[in-house]
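All remarks here apply to the structure that follows.
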Amino acid sequence: MSFKRRTHTCGDLRESNIGDNVVINGWVDTRRDLGGVVFIDLRDRYGITQIVFEPTYNLESHEIGKDLRNEYVVSIEGKVRKRPEGTENSEIATGFVDVMVDKVTILNKAITPPFQIKDGIDVHEDIRLKYRYLDLRRKEMQDNLILRHKMYQIVRNYFDKQSFVEVETPVLMKSTPEGARDFLVPSRLHKGRFYALPQSPQQYKQLLMVSGLDRYFQIVKCFRDEDLRADRQPEFTQIDVEMSFVDTEDIYETMEGLMIKLFKEVKGFDLVTPIPRLTFKEAMERYGSDKPDLRFDLEMKTLNEAVKTCEFRVFKEAIEKEGIITGLLAPGCGEYTRNQLDVLTEYVKKLGAGGLIWMRVKEDGLDAPIAKFLTDEEKQNIINALNAKPGDLLFILSGSRLKTLSQMGSLRLEMARRLDLIKPDSEPALLWVTEFPLFEWDEDTKRFYAMHHPFTSPRIEDIDKMESNPAEVYARAYDLVLDGNEIAGGSIRIHDSELQALMFKALGISDEEAEAKFGFLMNAFKYGAPPHGGIAFGLDRLAMLFAGEKSIREVIAFPKTSSGHSLMDDSPSNVDEHQLKELHIKIR
């Protein structure tokens with residue numbers, strides 16, 4: 001089938017092209033037959049151009065035009081004219097011209113698609129994923145992928161100008177502990193042995209620092225076999241960064257430069273730096289989250305001091321057990337009904353709270369079920385601590401520190417939704433969260449785990465507590481948060497083999513296991529490893545936020561479902577017996 005090379009895309013033609021003979025190719029977006037004259041909107045990724053088949057202009061082309069249907073792929077040769085007065089479409093760039101058809105070539109016919117190819121369609125996501133190649137014809141999906149493409153170019157350009165070197169690291173690597181489950185890849189040549197797909201290039205990028213490549217970056221695929229949700233996929237993309245001879249301030253400065261570029265060139269927003277910082281402890285106590293959303297206020301207050309002499313059993317027990325009493329003010333919500341308050345109480349109970357204490361602020365004090373257990377001084381202390389006014393509503397939770405703060409943080413977000421405090425045009429709220437605990441305690445296994453990963457450096461002043469009091473050791477770690485979403489995380493790394501051995505010991509990793517799993521890295525450190533640190537951005541999540549989407553699936557070309565299933569090509573799938581035999585695998 002022969003057709004002429006296109007001279008223009010479907011988004012190119014303007015009034016300056018009137019009278020030009022053109023060739024445009026694309027998909028039939030819509031077809032209208034108005035008294036014998038057939039109008040076609042022809043679509044490609046650049047836009048839409050109206051095509052006119054008129055029997056008095058070209059009868060042969062008109063006959064073909066009558067048979068065109070949605071999603072046919074066609075090539076059009078014709079002349080650009082000004083649209084008749086009153087038929088212009090100012091909503092599209094090509095809306096003041098159309099093309100009178102001299103010749104049409106049907107390049108491919110199409111059956112009726114399972115859904116309309118247009119933005120804002122109400123179609124179940126499973127159908128969209130099954131026919132993803134059709135879903136990607138929609139402008140809003142193509143815009144998301146183009147936005148992502150633009151982010152790639154900005155990132156590469158920025159790091160190149162900052163003297164970073166892009167290095168590809170292996171996709172088949174050694175399986176290591178401490179993290180999510182690995183995806184394992186059986187080896188055909190080495191019977192009974194397995195590669196793992198990398199959860200991140202962590203160890204490789206540290207080895208690159210040992211190698212003397214002092215500034216590395218990579219836009220890299222990573223893999224984690226973990227339970228999924230809207231903002232997780234089994235395979236995801238990181239902007240991975242590592243730098244030698246740096247401390248935290250160098251990381252902050254370099255990454256803030258990247259964020260300035262991204263916000264300016266993608267969103268047209270002038271980001272003000274330095275980005276604010278909060279310690280993990282401050283973030284939890286003020287916002288109940290290590291990734292707080294700062295687009296609205298609703299700041300939590302710790303009330304331990306306000307009720308330190310209180311005889312109310314719930315408060316007294318929390319103080320005696322070194323727990324926390326935290327309060328949240330809901331401005332102007334003092335008229336909430338008992339039913340509304342019961343709904344909020346059930347909300348926090350589902351999060352594991354024993355209940356929710358609420359107080360209405362009146363002109364003459366507090367109206368609350370527990371008011372009789374509090375002295376006038378304690379009531380006033382609570383009002384003062386929360387800076388409450390008549391007409392406000394107060395919420396109080398008490399219990400173990402992190403669990404209780406997290407529950408109140410969730411209630412804070414729920415109240416922000418109810419009060420409509422997060423506006424679509426809110427300025428982006430960026431925040432560095434610093435000084436995370438190095439370890440977190442797991443109640444089920446009764447042991448400490450690395451809060452980030454086992455290569456994160458402790459604060460120098462905390463090293464002597466790693467064996468005696470690991471719960472009080474803080475990390476030289478940092479997360480970057482945008483609008484309540486963690487978009488990047490990193491740390492200064494351990495570069496000394498003795499300190500790394502101490503870290504493994506604190507995590508309950510034996511010398512033998514450490515040698516088997518990480519020996520290659522430990523040996524490298526013995527040959528002179530520089531101080532180094534880095535960070536990794538979740539590119540999918542960052543693209544999702546820039547695109548204003550709710551799920552990373554909207555910014556990934558061919559994503560999987562929340563259960564890790566690819567509906568389009570039906571993977572994971574069975575393999576034949578011969579392949580299994582070659583890999584020395586038997587399925588039971």
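Residue indices begin at 1 and follow the sequence shown.
Counting heavy atoms of neighbouring residues, nucleotides and ligands inside a 6.0 Å radius, atom NZ of K221 exceeds 12 of them. The number of heavy-atom neighbours closer than 6.0 Å to CG of D425, taken from other residues, nucleotides and ligands shown, is above 12. Other residues, nucleotides and ligands contribute only 12 or fewer heavy atoms inside 6.0 Å of the CD atom of E322. Counted within 6.0 Å of NZ on K379, heavy atoms from surrounding residues, nucleotides or ligands total more than 12; the atom is thus considered enclosed. Other residues, nucleotides and ligands contribute over 12 non-hydrogen atoms within 6.0 Å of the CG atom of D119. Around atom CD of E427, no more than 12 heavy atoms belonging to other residues, nucleotides or ligands sit under 6.0 Å away. With a 6.0 Å radius and a threshold of 12 heavy atoms from other residues, nucleotides or ligands, Q116 has its CD atom at or below the threshold. Within 6.0 Å of OH on Y131 lie no more than 12 heavy atoms contributed by other residues, nucleotides or ligands.
Within the structure, ring pair (Phe, Tyr, Trp, His ring centres under 6.0 Å) pairs that include any residue of residues 318-340 do not occur (at least two apart or interchain).
Here the shortest heavy-atom pairing between P458 and L499 reads CD-CD2, 4.1 Å. Scanning both residues, F546 and K267, for their nearest heavy atoms gives O-NZ, 3.0 Å. When all heavy atoms of P331 and L419 are compared, the pair lying nearest together is CD-CD1, 4.4 Å. L271 approaches I260 most closely through the heavy-atom pair CD2-N, 4.0 Å. The shortest heavy-atom contact between T456 and S491 is OG1-OG, 3.4 Å. Across A450 and M503, no two heavy atoms sit closer than the pair CB-CE, 4.2 Å.
Taken to the nearest 0.5 Å, the CD1 atom of I370 stands 10.5 Å off from the CH2 atom of W358. Rounded to the nearest 0.5 Å, atoms OH (Y474) and CE (M451) are 9.5 Å apart. Rounded to the nearest 0.5 angstrom, S410 OG and Y347 OH are separated by 5.0 Å. Atom CG of D392 sits about 10.0 Å away from atom CD1 of I383, to the nearest 0.5 Å. Between R541 atom CZ and L545 atom CG the span is 8.0 Å, to the nearest 0.5 Å. With rounding to the nearest 0.5 Å, the separation of CD in E440 from CZ in R447 is 11.0 Å.
A side-chain donor-acceptor contact under 3.5 Å links K423 to the backbone of D420. Side-chain atoms of Q340 come within 3.5 Å of backbone atoms of T337 as a donor-acceptor pair (strictly under, hydrogens ignored). With hydrogens and angles ignored, the 3.5 Å screen pairs a side-chain donor or acceptor of R181 with a backbone N or O of D225. Remark: the backbone N or O of P390 is not paired with any side-chain donor or acceptor of E363 at under 3.5 angstrom. Looking at N384, its side chain never comes within 3.5 Å of a backbone N or O of N381 through a donor-acceptor pair. Side chain of R493 to main chain of F455: no donor-acceptor pair is present (N/O by atom type, distance under 3.5 Å, no hydrogens or angles). Between the D247 side chain and the E249 main chain, no donor and acceptor come within less than 3.5 Å of each other. In this structure a side-chain-to-backbone donor-acceptor pair under 3.5 Å is missing from T302 to N304. The backbone N or O of V555 lies less than 3.5 Å from a partner atom in the side chain of R148, making a donor-acceptor pair. S406 places no side-chain N or O within donor-acceptor distance of the main-chain N or O of L402, the cut-off being under 3.5 Å.
Side-chain contact check for E256 versus L430: every heavy-atom pair is 4.5 Å or farther apart. With contacts defined as side-chain heavy-atom distances shorter than 4.5 Å, the pair E414/L344 qualifies. You'll find the side chain of L542 reaches within 4.5 Å of the side chain of M259, heavy atoms only. E140 places none of its side-chain heavy atoms less than 4.5 Å from the side chain of N144. With a 4.5 Å cut-off on side-chain heavy atoms, F217 and Q162 do not count as touching. Residues R132 and P559 are in side-chain contact: their nearest non-hydrogen atoms beyond the backbone lie under 4.5 Å apart. In this structure, R459 and R476 have side chains that are in contact, with non-hydrogen atoms separated by less than 4.5 Å. Side-chain contact check for Y478 versus T248: some heavy-atom pair is nearer than 4.5 Å.
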Using the rule given for side chain to side chain contact (heavy atoms under 4.5 Å, CB included), can you reason through I251 versus V246, listing the C-alpha separation, both sets of side-chain angles and the distance that settles it, and then say yes or no? CA-CA 7 Å; I251 305 286; V246 293; 4.1 Å; yes
List the steps, then state whether side chain to side chain contact (heavy atoms under 4.5 Å, CB included) holds for L482 with F263. CA-CA 12 Å; L482 171 60; F263 270 97; 4.0 Å; yes
Output, in order, the C-alpha distance, side-chain angles, deciding distance and verdict of side chain to side chain contact (heavy atoms under 4.5 Å, CB included) for F537 and I219. CA-CA 9 Å; F537 286 81; I219 298 176; over 6 Å; no
Starting from the C-alpha separation in whole Å, work towards a yes-or-no answer on side chain to side chain contact (heavy atoms under 4.5 Å, CB included) for Q407 and K403. CA-CA 6 Å; Q407 291 161 352; K403 184 178 178 182; 3.5 Å; yes
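A salt bridge is absent between K281 and E435: the closest approach of a Lys/Arg side-chain nitrogen to an acidic carboxylate oxygen does not fall below 4.0 angstrom. Ion pairing between R313 and E317 holds under the 4.0 Å rule for side-chain N and carboxylate O. Of the charged side-chain nitrogens involved, at least one lies within less than 4.0 Å of a carboxylate oxygen, so that E285 and R401 count as a salt-bridged pair. Ion pairing of K517 with E513 is absent here, as no side-chain N (NZ or NE/NH1/NH2) approaches a carboxylate O to less than 4.0 Å. For K130 and D126, the salt-bridge test fails: no basic side-chain N is under 4.0 Å from an acidic carboxylate O. A salt bridge links R295 and D293; the closest N-O separation between the charged side-chain nitrogens and carboxylate oxygens is under 4.0 Å. Under a 4.0 Å N-O distance rule, the pair E378/K316 does not qualify as a salt bridge.
Among D367, L393, L386, L394, the single residue meeting the side chain to side chain contact (heavy atoms under 4.5 Å, CB included) criterion with M359 is L394. Exactly one of R553, K550, K560 qualifies for a salt bridge (Lys or Arg N to Asp or Glu O under 4.0 Å) with E125. That residue is R553. Of the residues listed (L136, L567, D135), the one engaging R128 in a side chain to side chain contact (heavy atoms under 4.5 Å, CB included) is D135, and it is the only one.
Checked against the 6.0 Å centroid criterion, the rings of F315 and F373 do not qualify as a close aromatic pair.
No side-chain donor from either of D540 and Q233 sits under 3.5 Å from a side-chain acceptor of the other. At a cut-off of 3.5 Å, with distance as the only test, a side-chain donor of Y216 or D240 sits close to an acceptor on the other residue.
Under the 30°/60° scheme for interplanar angles, the aromatic rings of Y252 and W432 are found to be tilted.
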